[in-house]
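Beneath this line is the structure, given in structure tokens, with notes to follow.
Note that the structure is a prediction, hence the values are computed from the model and not measured. Just so you know, these numbers use all the heavy atoms, side chains as well, and skip hydrogens, waters and symmetry mates. Note that ligands are numbered from 1 as they come in the structure, with each ligand's atoms numbered from 1 the same way.
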Amino acid sequence: MILIDGKKVAAELREELKKEVKGLKTQYNKIPGLTVILIGEDAPSKIYVKNKEKSANEIGLKSEVIRYPDTVEEKTVLEKIKELNNDESVSGILVQLPLPKHIDKQKVIETISPRKDVDGFHPMNVGNLSSGYNSSIPCTPLGCYLLLKKIEKNLSGKKAVIIGRSNLNGKPMTQLLLKENCTVTITHSKTKNLKNECLQADILVAAVGMPGLVKGDWIKKDAIVIDVGINKTDKGIVGDVAFDEVSKVAKAITPVPGGVGPMTIACLLKNTIECFKRSN
Ligand code: NAP
């Protein structure tokens, strides 16, 4: 069984990106910049943003965090995004989710210029991805995809089953695997006999948020299993996959923590650089 080491792959990717930033600096005499807007005091959001800022600085990106209290008016945030859209030193804009209830998430997403949308949430990027055109790709599914490609270069004809249909994970993952010529089944909370669906999978991606949902006897022999889930339990952070059972059947599996998680931030840095390259 191959343990897919997301920490290691993410570190390698960051190293590549660091070199790329150096090269871009020489070529354009400027560096890509990432601006994150953080609203309120949500503890996990504060940690994510701190990690994003640290990682961006480490690879030589220009990085800025704009903080607002959770009482900030929607209008103020939208005006700031418009200002950043017109700021040439900003390559990528990310508004950390979740947002306070009085701020319309969709309005915020649609105000970010699609050219600077490092999260890949803007409807134009979502449409481009599903049409097979060049687009920003949401960071977590992009990370899953890069991990998969480390294990299996040619995914063509593979049967992929995705559990979860969120805009953040399941749907973009579907598009990425379709583009690789996989036959994709997307499942969700209303799917009948999930176990049977999973048993067909050469590639299984679980993005649900339910500890240990996927059991050992749901897995086809030699499947590749990507566990996106992050669940806080008494035993610490666990994924959506019952790792001890599934790792006995699968050909390769991502651990939680240390699998998909580290790839997400590395892919955010990658997206920032892609936005910079597209705008230059
Ligand atoms: P989400 O928006 O809540 O979506 C969960 C999906 O799972 C929904 O499509 C839901 O179906 C489906 N689902 C719920 N119960 C199910 C069941 N019993 N059987 C099959 N499907 C079921 O969640 P998300 O934002 O995609 O996040 C999913 C997980 O990934 C969470 O644990 C989250 O913390 C984690 N995550 C990890 C990273 C990372 O960097 N590793 C990044 C983002 C998220 P319906 O559509 O029918 O409701």
Side-chain angles (χ1 to χ4, degrees), residues 4-11 13-14 36 42-45 47-52 54-55 94-99 105-106 109 118-121 126 129 136-148 160-177 184-201 204-215 217-219 225-233 235-243 246 253-271:
I4 308 174
D5 187 345
K7 255 191 184 165
K8 182 164 165 262
V9 179
L13 177 58
R14 286 197 305 271
V36 178
D42 179 57
S45 292
I47 295 171
Y48 292 143
V49 169
K50 201 172 143 207
N51 290 338
K52 286 169 184 172
K54 184 169 164 269
S55 306
L94 181 155
V95 179
Q96 184 65 43
L97 303 177
L99 297 172
K105 180 175 98 178
Q106 199 55 25
I109 288 173
V118 281
D119 261 335
F121 294 160
V126 175
L129 178 62
S136 274
I137 299 166
C139 303
T140 302
L142 178 58
C144 295
Y145 168 81
L146 295 176
L147 289 177
L148 267 174
V161 173
I162 297 167
I163 319 178
R165 56 175 161 181
S166 70
N167 292 338
L168 182 66
N169 290 308
K171 283 182 191 151
M173 194 70 225
T174 303
Q175 299 302 343
L176 287 171
L177 293 177
V184 187
T185 300
I186 183 157
T187 65
H188 45 77
S189 68
K190 308 290 185 292
T191 296
K192 297 218 167 88
N193 209 336
L194 185 59
K195 175 181 170 181
N196 267 3
E197 297 294 341
C198 293
L199 273 167
Q200 313 296 315
L204 181 66
V205 180
V208 181
M210 281 179 76
L213 170 73
V214 178
K215 309 283 188 295
D217 62 354
W218 292 25
I219 305 297
V225 179
I226 305 286
D227 190 352
V228 183
I230 299 181
N231 306 293
K232 265 192 196 161
T233 69
K235 293 179 191 148
I237 303 280
V238 301
D240 292 339
V241 173
F243 183 88
V246 172
I253 182 170
T254 57
V256 178
V260 175
M263 290 299 287
T264 298
I265 292 189
C267 287
L268 170 68
L269 307 177
K270 182 174 166 58
N271 281 351

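- In this structure, Gln200 and Thr185 have side chains that are not in contact, with every pair of non-hydrogen atoms separated by 4.5 Å or more.
- Between the side chain of Asn231 and the backbone N or O of Gly239, at least one donor-acceptor pair lies under 3.5 Å.
- Side-chain contact between Leu97 and Phe121: present, with at least one pair of heavy atoms (C-beta onward) separated by less than 4.5 Å.
- Polar contact with ligand 1: absent for Asp240 (N/O pair, distance under 3.5 Å).
- Atoms of ligand 1 lying under 4.0 Å from any heavy atom of Leu194, numbered from 1 in the order shown and given with element: 19 (N), 20 (C).
- Just one residue in the list Val228, Leu176, Thr254 forms a side chain to side chain contact (heavy atoms under 4.5 Å, CB included) with Cys144, and that residue is Val228.
- What sits closest to atom 33 (C) of ligand 1 on the protein, heavy atoms only, is Ile230 N, 4.2 Å.
- For ligand 1 and Gly261, the ligand atoms under 4.0 Å from any heavy atom of the residue are 40 (O), 41 (N).
- When only non-hydrogen protein atoms are considered, atom 5 (C) of ligand 1 lies nearest to Val208 O, 3.4 Å.
- At a 3.5 angstrom cut-off on N or O pairs, Thr187 does not count as close to ligand 1.
- Only side-chain heavy atoms of Leu168 come within less than 4.0 Å of ligand 1; its backbone N, CA, C and O stay farther off.
- Among Ser189, Gly164, Pro138, the residue whose heavy atom lies nearest to atom 6 (C) of ligand 1 is Gly164.
- Contact atoms of ligand 1 toward Ile163: 20 (C), 21 (N) (distance under 4.0 Å to a heavy atom of the residue).
- Remark: ligand 1 and Asn169 share an N or O pair separated by less than 3.5 Å (distance only, no angle test).
- Under the 4.5 Å side-chain criterion, counting only non-hydrogen atoms from C-beta, Asn193 is not in contact with Glu197.
- A donor-acceptor pair under 3.5 Å is formed between the side chain of Ser166 and the backbone N or O of Asn169.
- Counting heavy atoms from C-beta on, the side chains of Asp227 and Ile253 never come closer than 4.5 Å.
- If you check which protein heavy atom lies closest to atom 31 (C) of ligand 1, you get Gly209 CA, 3.7 Å.
- The backbone N or O of Gly212 sits nowhere less than 3.5 Å from a side-chain atom of Asp240 that would complete a donor-acceptor pair.
- Distances from atom 21 (N) of ligand 1 to the heavy atoms of Lys171, His188, Met210 show the closest one on His188.
- Looking at every heavy atom in both residues, Tyr145 comes nearest to Met173 through N-CE, 4.0 Å.
- At least one side-chain heavy atom of Ile4 sits less than 4.5 Å from a side-chain heavy atom of Ile226.
- Here is the list of ligand 1 atoms found below 4.0 Å of a heavy atom in Ala207: 5 (C), 6 (C), 7 (O), 28 (C).
- At the shortest separation from atom 26 (O) of ligand 1 among protein heavy atoms lies Ser166 OG, 2.5 Å.
- The residue among Val228, Thr264, Asn231 with a heavy atom at the shortest distance from atom 36 (N) of ligand 1 is Val228.
- Contact annotation: the side chain of Val241 never approaches that of Ile219 to less than 4.5 Å [non-hydrogen atoms, C-beta and beyond].
- For atom 46 (O) of ligand 1, the nearest protein heavy atom (residue, atom name, distance) is Arg165 NE, 2.7 Å.
- The closest approach between a heavy atom of Val260 and any atom of ligand 1 is below 4.0 Å.
- For Thr140, every heavy-atom contact with ligand 1 shorter than 4.0 Å involves the side chain, none the backbone.
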